Amino acid sequence: MSNVRTPPVTARPATPAAAATPGPKVSLSAGIVAVAAGQFGRVRVARGPLLFVATVQSLGLVVLLRGVVHHHDKATAAAIVAGASILVVAFVALNLLAQRLGALKASTALDYYAALPISPAAVVLGTAASYAAFAGPGVVVTALVGALVYGLSLSWLWVVIPAAAAAALALSGVGALLGLLLPRPELATIAGQLAMTLVLFLGIIPVGHLPEVVRGLRLAVPGMLSVDAVVDVIRPHPDWTDVVARLAASLGYGVVVLGLAGAAMRRAVDR
Amino acid sequence: MAPAYLVRGVSKSYRGSATPANVDIDLEVPTGEIFGLLGPNGAGKTTLVRQLAGLVAPDAGSITLLGHDLAADRRMAARLVGYLGQDEPALAELGVHRAVETTARLRGAPRRVAAAMASELVDELGLAAVADRPLVRCSGGQRRLACVASALAANRPVLILDEPTTGLDPVARRSVWAAIRRRRAEFGTTVLLVTHNVIEADSVLDRVAVLDAGRVIACDTPGRLKAAVDDSVRVVLVWQTEPPYDDTTVEALARRAVIDGRRWTIRLARDESRDLLDRLTRAPLFDALDDFTVATPSLEDVYLSLGGTRTDLERT
C-alpha cells in the first residue's frame with residue numbers, strides 16, 4: 001500500500017503572531033529549582049523515614065566503630081567520621097536516585113521531562129536536590145556526633161558542607177547513570193545498593209589499611225575525593241591547597257558524570 | 001505564514017523490530033488546525049508524534065515545526081509544543097494544582113504566573129474539587145484531565161495530545177474539547193490529536209490522517225474521506241408495533257431492509273434517503289415510528305475500505 005500525499009489545505013484565519021513565538025529557554029539553575037520543587041512535593045510525604053534511614057545508618061556506624069577504634073587513633077577516627085558523613089549523601093544519591101530514575105525510565109515518564117525546555121542535567125540535579133534536602137541535616141548531624149564521640153575538634157566541621165555538595169554532584173551523576181543505563185529498574189536498585197556499599201567500605205576504611213591495588217582504584221569511586229578532603233582538614237595543620245584541590249577535583253568528577261548522565265537520559269528517551 | 005508542521009519522507013525503525021514504525025510519511029498541517037492521527041494500536045501514531053514533539057529523531061526525512069527544522073534543533077520543539085503522552089507517571093505523586101504549576105514553571109513561567117495559570121486551568125477543566133489531591137489518589141479520569149491541564153499550561157502554539165480523552169466521562173471530554181477550541185479561537189493554537197476513537201475523530205477534527213502499519217493510507221477532512229469511499233446512507237427505522245405494510249413506501253422498503261424484529265436497517269443512495277426522510281416525517285408513517293436514525297459512513301468505514309482491520313478502533 002503506498003503512502004498518500006497530503007492534499008492542499010487552506011490555513012485557518014491568521015494566527016496571532018505572538019502565539020507562534022517559542023517559549024523561553026529555561027536556564028540550568030531555573031530548571032533545577034523547578035524540578036526540585038516538583039520532586040520535593042513528591043518526596044516530602046516520606047520525609048520522616050527518608051531522613052531517619054539516611055542518617056541512622058551512618059550514625060550507627062560511627063557509634064559501632066567507636067567500640068573498636070583506639071582513643072588515640074585519630075587518623076582512623078577521621079576516616080570513619082568523614083566516610084560516614086559522605087555515606088549519607090551516597091545513600092540518597094546512589095540508592096534513591098538510581099531507583100527513581102530507573103523507575104522513570106521504565107515508565108514513559110522521561111518523555112514528560114524530555115518534552116520540556118530544560119536540560120537533562122536539570123532533571124538529574126533537581127531530583128537529587130530534592131533528596132539532598134533530607135541528606136543535608138544527616139551529613140551535619142553525623143559529622144557533629146562523630147566529632148564528639150571520637151573527641152575531634154569542631155573547627156573543621158564547615159568543610160563537610162562543600163565536601164558533601166561536591167560529593168553529591170559526583171554521586172548523583174553515578175546514581176543517575178545507573179538508573180538510566182541499566183535495562184530494568186530492579187537492576188538499577190541493586191547496582192545502587194552495591195555502589196553505596198563500595199562507598200561505605202572505601203570511605204570508612206582508612207586509606208593506609210587498604211591493599212595497594214584497591215588504593216589505586218579508590219579515587220575512581222565517586223565521593224572519595226570529598227572524603228579525603230574532610231580527612232585532611234580533621235588533621236592538625238591541614239594543607240589547604242590540598243583540600244581545595246581535592247574538592248575541585250571532586251567537583252570536576254561530578255560535572256563529568258553529570259554530563260554523561262545527561263547523554264544517558266537523551267539515549268533513554270530516544271528509545 | 002509557515003505551516004505548523006511540514007513533514008517530508010519521515011521513516012523510523014526501532015532496533016530489534018522487524019517492521020518499521022513509520023514509513024515515508026508526508027504531512028502538512030497548517031496553523032490553527034485540529035489535525036488527527038487515526039489508526040489501531042501499533043499503526044505508528046505514537047512513534048510519529050514523538051518525532052513531531054522532538055523526542056526522537058527520524059531515521060530519514062525532515063520535520064519542520066513553524067519554520068524551524070527539527071533536525072537542526074530538536075530542542076526547539078520543547079519551546080513550541082505542549083505534549084501529552086499516553087500516561088504521565090512523572091507527576092503522579094503531586095497534587096493536581098501542583099502538577100500543573102510545576103509543568104508551567106518547567107516551561108519557563110515565573111512562579112506566580114505559573115500558579116495563576118494552574119488555578120485557571122484547574123477551574124477551566126472542572127478540577128477545582130480535587131486541586132490539592134495527589135494524582136495517584138484521583139480517579140483515572142481526573143488524573144487524565146490533570147495531565148491535559150498540564151499539557152495546556154503556558155499556552156504553547158502547538159499541542160500534541162496522545163489520546164487525551166481516554167478514560168474520561170462525557171462531561172470531562174466536552175470540557176477538554178471546549179478548552180482546546182477556545183485556545184484555537186483565541187490564540188490560533190494548532191492541535192495534533194492521536195486517537196483510535198472514530199466518533200471523536202469524526203466530530204472534532206478538521207482533517208485526519210489514517211495510519212496503518214506505519215504508513216499514511218489517507219489524509220483529508222473526515223467529510224471528504226467518507227464521501228470518497230461510500231456515497232450511501234444508513235437508515236435505521238424502529239417501528240412502534242407492526243409496520244404499516246399497506247403503505248407503498250413501507251412495502252418497498254421491506255424488500256431492501258435487513259429486518260431484526262421491529263428494527264429495520266436499510267442502505268440507500270443519498271437522493272433516495274432524502275426522499276424517504278421526506279415521507280417518513282409525515283403522518284401516518286411518522287406516527288408509526290418509535291425511532292429513526294440516518295447515518296452517513298463513519299471514519300471506521302473509511303478505515304476498513306482502505307484496507308485496515310477492525311481491531312482496536314473504538315466506537316464509544
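All of these numbers come straight from a predicted model, not from anything done at the bench. Protein chains get the first letters and strands the later ones, always in sequence-line order, with residue 1 at the start of each. No hydrogens, no waters, no symmetry mates; every other heavy atom, side chains included, goes into these values.
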**Q.** A:Leu116 and B:Arg107: CA distance, side-chain angles, deciding distance, side chain to side chain contact (heavy atoms under 4.5 Å, CB included) verdict
**A.** CA-CA 6 Å; A:Leu116 295 167; B:Arg107 290 200 176 121; 3.6 Å; yes
Q. Quick one: of B:Ala90, B:Cys147, B:Ala92, B:Ala4, who has the most non-hydrogen atom pairs under 4.5 Å with chain A?
A.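 Option with the top pair count is B:Ala90.
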Q: Check A:Gly38 against B:Leu94 and note the closest heavy-atom contact, atom names and distance.
A: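 Minimum heavy-atom contact is O-CD2, 2.9 Å.
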Q: Please report the shortest heavy-atom distance between B:Arg75 and A:Ile118, naming the atom on each side.
A: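 Taking B:Arg75 first and A:Ile118 second, the nearest heavy atoms are NH2-O, 2.9 Å.
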Q: Would you mind checking which part of B:Thr221 comes under 4.5 Å of any heavy atom in chain A, side chain (CB onward), backbone (N, CA, C, O), both or neither?
A: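 No part of B:Thr221 comes within 4.5 Å of chain A.
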Heavy-atom donor-acceptor pair, [X] side chain to [Y] backbone, under 3.5 Å:
| X | Y | result |
| --- | --- | --- |
| B:Arg105 | A:Ala37 | no |
| B:Arg79 | A:Gly23 | yes |
| A:Arg266 | B:Leu55 | no |

Q | Residue selection (most heavy-atom pairs with chain B, distance under 4.5 Å) from A:Ala103, A:Ala122, A:Ser27, A:Ala114 | A |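 Answer, by heavy-atom pair count under 4.5 Å with chain B: A:Ala114.
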Q) If you draw a 6.0 Å radius around CG in B:Asp69, do more than 12 non-hydrogen atoms from other residues or ligands fall strictly inside? A)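 More than 12 heavy atoms, drawn from other residues, nucleotides or ligands, come within 6.0 Å of this atom.
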Q: Could you tell me whether B:Arg181 atom CZ has more than 12 heavy atoms of other residues or ligands within 6.0 Å of it?
A: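 Yes, the 6.0 Å shell around CZ holds more than 12 heavy atoms from other groups.
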Q. Side chains of A:Val35 and B:Leu106: closer than 4.5 Å at any heavy-atom pair?
A.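 Contact flag for A:Val35/B:Leu106 side chains = yes.
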Q) Between atom OG1 of A:Thr21 and atom CG of B:Asn155, what is the distance when rounded to the nearest 0.5 Å? A)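 That separation rounds to 11.5 Å.
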Q. Does the side chain of A:Tyr112 pick up a donor-acceptor pair with the side chain of B:Ser150 at under 3.5 Å?
A.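 On atom types as modelled, these side chains do not qualify, holding no pair under 3.5 Å.
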Q. At a heavy-atom separation under 4.5 Å, does A:Leu104 approach chain B through its side chain, its backbone, both, or neither?
A.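 Just its side chain gets close to chain B.
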Q. What part of A:Ala30 gets closer than 4.5 Å to chain B, counting heavy atoms only: side chain, backbone, both or neither?
A.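 Contact with chain B involves no heavy atom of A:Ala30 at all.
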